[in-house]
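Accompanying notes for the structure given below.
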There are 4 protein chains.
Amino acid sequence: MQAAIQTAKIKPTGRPRKPEVEARILDVTMQLMCEEGFSRMSIDGIAVAAGVSKPTIYRRWSGKADIATAALERLRLAEPSVEGKHGLDKVRALLFNFRKSLLRPNGMALIGVVLTEERHNPELMKHFRERIVKPRREMVATALEEARAMGEIQKHADIDAMVTMLIGSFYGRYLSGASIPPGWIIRIVDALVCKG
Amino acid sequence: MQAAIQTAKIKPTGRPRKPEVEARILDVTMQLMCEEGFSRMSIDGIAVAAGVSKPTIYRRWSGKADIATAALERLRLAEPSVEGKHGLDKVRALLFNFRKSLLRPNGMALIGVVLTEERHNPELMKHFRERIVKPRREMVATALEEARAMGEIQKHADIDAMVTMLIGSFYGRYLSGASIPPGWIIRIVDALVCKG
Amino acid sequence: MQAAIQTAKIKPTGRPRKPEVEARILDVTMQLMCEEGFSRMSIDGIAVAAGVSKPTIYRRWSGKADIATAALERLRLAEPSVEGKHGLDKVRALLFNFRKSLLRPNGMALIGVVLTEERHNPELMKHFRERIVKPRREMVATALEEARAMGEIQKHADIDAMVTMLIGSFYGRYLSGASIPPGWIIRIVDALVCKG
Amino acid sequence: MQAAIQTAKIKPTGRPRKPEVEARILDVTMQLMCEEGFSRMSIDGIAVAAGVSKPTIYRRWSGKADIATAALERLRLAEPSVEGKHGLDKVRALLFNFRKSLLRPNGMALIGVVLTEERHNPELMKHFRERIVKPRREMVATALEEARAMGEIQKHADIDAMVTMLIGSFYGRYLSGASIPPGWIIRIVDALVCKG
DNA sequence: GATGAATGAGGCTTCATTCAT
DNA sequence: CATGAATGAAGCCTCATTCAT
């Protein structure tokens with residue numbers, strides 16, 4: 001990290017790259033990839049939408065797959081705060097955020113892309129897992145552990161399975177064609193909790 | 001005369017179609033679509049792999065989207081028998097079949113395709129839901145109802161949510177990057193059943 | 001001619017060709033050729049419009065050019081009667097007929113076709129000249145000769161040039177983009193006749 | 001600043017276009033269109049003959065019809081000088097030039113193209129009329145008016161008809177199949193002039 | 001003889017990528 | 001470094017023609 005900062009201080013020769021260009025290109029790439037899918041997304045389209053020329057893109061990345069990878073790599077799970085919530089309430093709050101992100105336009109499209117491209121561009125899936133899936137799972141798992149500690153769920157609950165079922169239920173619901181109302185979150189959490 | 005009309009098999013004139021061609025084309029289409037995705041799949045590729053010429057394809061379908069739709073439309077949930085099982089055992093058996101189909105090469109790819117193409121070719125998603133998702137959900141739901149009747153699960157269990165979570169957990173698991181061992185089925189069913 | 005009739009009496013073996021089919025195909029061919037031009041005209045289009053299959057066409061003619069040629073070959077200058085007219089009046093009547101045929105939809109299109117195809121299918125131009133151009137020219141020339149005999153035009157008038165100018169003026173007028181009103185005929189005939 | 005704006009030749013950025021390419025493509029297009037007709041002419045053919053790639057063409061024009069239109073739009077009546085001639089002499093000189101252009105290889109072919117394409121690409125006919133037909137007609141008309149002023153032709157001569165007949169006679173002659181010798185010009189002018 | 005099916009060849013257009021200022 | 005231009009390789013689709021009943 002320190003090294004990186006030092007490097008940044010070396011005055012680069014030649015015309016420096018405008019830093020916001022990079023971001024704009026990757027933003028546009030992500031958007032187009034979600035809208036069109038990887039194959040249909042064109043470098044031309046990215047260039048036009050980002051307001052740059054194609055060589056400007058190729059100077060930074062080596063090809064279409066590389067750009068897409070970079071766009072995915074930059075992804076962070078932008079999770080709104082769930083401060084102040086605890087245990088199952090926190091779980092529900094996290095799932096509520098998840099729901100919101102899925103309901104955004106093209107909210108599921110990225111999953112389609114990484115699945116479709118898994119064979120051709122495994123990097124995409126890899127980054128998607130690292131940047132999006134894993135953090136979310138960890139947050140939910142932590143909250144569930146807290147709930148367990150609080151006695152809201154059983155001592156021997158299979159937290160890993162629970163995380164997967166909670167999150168997976170959204171995919172399942174989407175693929176079934178049914179809408180995902182806010183109440184869905186109540187239902188799935190209830191389904192896991194014995195109220196005997 | 002009436003009889004004649006009723007029974008007359010309309011004699012088809014002209015050269016008959018090679019009978020197996022249709023199936024071969026659609027098989028190949030489905031395979032390529034899973035391997036490459038809709039966009040990358042090419043008519044040329046289908047023609048070569050099916051051993052026919054392109055016009056032979058175009059005589060039957062009007063274009064790429066039409067062929068893909070036909071391939072999906074032809075899909076049926078080919079569910080191996082779960083005869084003799086009942087209640088939760090049947091649920092587990094059904095999920096075991098599901099697992100097997102997902103673990104096949106490209107088992108998840110089709111989901112990627114329909115998600116990616118949802119905007120451009122909504123027909124694909126529609127058929128996927130009708131032919132694959134819905135039948136499977138109904139089978140699992142029926143088995144769960146049976147389990148409920150048998151007292152294996154609670155009276156007021158939210159069966160719809162359970163179906164979605166069970167099936168969805170496979171998607172969640174796949175996207176997490178973890179493998180899906182046979183024991184997974186035990187775990188997710190257990191997670192839903194109170195063993196108070 | 002007699003021989004032909006005798007030949008016709010020989011009972012042909014096999015299923016006889018429906019005679020009106022031939023005519024229908026050629027009619028359709030001529031029409032499509034005028035509407036679309038030779039290249040754009042398709043055998044498929046002819047077959048569909050004539051209500052026959054493509055091999056039915058290929059059994060009779062050897063290819064696209066052959067069909068087009070046959071269609072042109074069948075053309076006859078269908079000149080409405082100008083009986084009772086003489087001299088310049090007859091000339092004007094003939095030109096009036098000519099005008100009418102040019103003003104029909106696609107009236108000039110055939111000329112476009114034969115000119116465009118002159119290099120690739122010289123037969124078309126040849127038949128067009130023989131069946132259409134030449135007969136019309138001869139009729140006009142004869143009428144002009146009559147007019148000369150009647151003293152309506154000068155003794156030494158260059159009848160060949162006059163025919164060409166009269167007829168050609170319609171092409172010139174069409175290409176200029178101006179309409180061709182009935183009065184046009186009066187004007188061009190007047191232009192050739194000295195009224196000193 | 002104002003001055004700067006006014007005089008500044010906008011510095012073009014990026015790789016400049018090879019300068020002669022445009023002209024070469026349009027030349028080739030015109031030639032192929034005359035030789036083959038619009039339909040038979042292919043973009044591939046143009047690209048090869050012009051020594052460029054197809055995208056180089058598509059960067060400049062939006063499609064086949066657009067290229068053809070551009071080629072026609074670029075046409076100018078390249079009329080050799082008729083300086084020093086006046087009245088009917090000038091008319092004859094102009095017609096002599098016309099004759100020469102018609103006798104060039106494919107001299108009539110363009111007319112075939114515009115006629116054939118009139119329905120599908122009316123722009124072609126429009127440009128042909130504007131660039132070629134109209135200028136020529138105006139030149140001939142002007143010369144005829146001069147001749148009239150000089151007393152070479154009658155006061156009340158129908159100049160518009162005369163122009164059309166003179167020019168049209170070439171089309172008529174061509175379609176008749178007869179050659180167009182130099183003497184033709186003498187004959188048609190004589191035919192219009194009373195030598196009583 | 002007539003039909004519907006099949007095909008090889010080719011046409012238009014676009015894309016990812018590289019070049020030349 | 002950024003740009004507009006150029007390109008080879010496909011991709012989709014259609015056509016003239018032939019095949020097999």
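In the text below, chain A, chain B and the rest are named by the order of the sequence lines, each starting its count at 1.
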State whether [X] places a side-chain N or O below 4.0 Å from either non-bridging phosphate oxygen (OP1 or OP2) of [N].
X	N	result
D/Arg60	F/dA6	yes
B/Lys54	F/dC13	no
B/Ser53	E/dT7	yes
B/Arg40	E/dC15	no
A/Thr56	F/dT3	yes

Rounded off to whole Å, could you give me the [atom1]-to-[atom2] distance for the [X] and [N] pair?
X	N	atom1	atom2	value
D/Leu32	E/dG11	CG	P	12 Å
A/Ile43	E/dC19	CD1	P	17 Å
C/Arg59	E/dG1	CZ	C1'	5 Å
C/Ile25	E/dA2	CD1	P	9 Å
B/Phe38	F/dG11	CZ	P	14 Å
B/Ile46	F/dG11	CD1	C1'	12 Å
A/Ile57	F/dA2	CD1	P	11 Å
A/Asp44	E/dT18	CG	P	15 Å

Checklist entry - Of D/Lys18 and C/Met41, whose closest DNA chain F nucleotide lies nearer the 5' terminus? => result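 That would be D/Lys18.
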Which one, [options], comes nearest to the side chain of [X]?
X	options	answer
D/Lys64	F/dA16, E/dC12, F/dT3	E/dC12
D/Tyr58	E/dC12, E/dA6, F/dT7	E/dC12
B/Ser42	F/dC12, E/dG4, F/dT17	F/dC12
C/Pro55	F/dC15, E/dT3, E/dT13	E/dT3

Within the 4.5 Å heavy-atom criterion, are [X] and [Y] side-chain neighbours or not?
X	Y	value
A/His120	B/Arg40	yes
B/Val113	B/Phe128	no
A/Met125	A/Glu117	no
C/Ile43	C/Trp61	no

Item to check | Donor-acceptor pair present, D/Arg15 side chain and E/dC19 base, under 3.5 Å | outcome: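 Under the 3.5 Å cut-off, the side chain and the base do form a donor-acceptor pair.
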Checklist entry - Between D/Gly63 and A/Gly45, who's closer to the 5' end of DNA chain E by nearest nucleotide? => result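 Counting from the 5' end, the first nearest nucleotide belongs to D/Gly63.
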Next on the checklist: Just to be sure I follow the notation: if a pair is Watson-Crick (purine N1 to pyrimidine N3 plus N6-O4 or O6-N4) or a G-U wobble (N1-O2 and O6-N3), each under 3.5 Å, what dot-bracket string does DNA chain F give, with | for pairs to another strand?
Outcome noted: .||||||||||||||||||||
Checklist entry - CD of C/Glu35 to CG of C/Leu32: how many Å apart, nearest 0.5 Å? => result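 Output value for this atom pair is 6.0 Å.
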Checklist entry - Between atom CD1 of D/Ile46 and atom OG1 of D/Thr56, what is the distance when rounded to the nearest 0.5 Å? => result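 These two atoms lie 13.0 Å from each other.
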Next on the checklist: With a 4.0 Å cut-off on N to O distance, would you call C/Asp66 and C/Arg60 a salt bridge?
Outcome noted: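 Looking at C/Asp66 and C/Arg60, the cut-off is not met.
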Next on the checklist: Minimum heavy-atom separation for C/Ile67 and C/Thr29, please, with both atom names.
Outcome noted: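 Where C/Ile67 meets C/Thr29 most closely, the heavy atoms are CG2-OG1, 3.4 Å.
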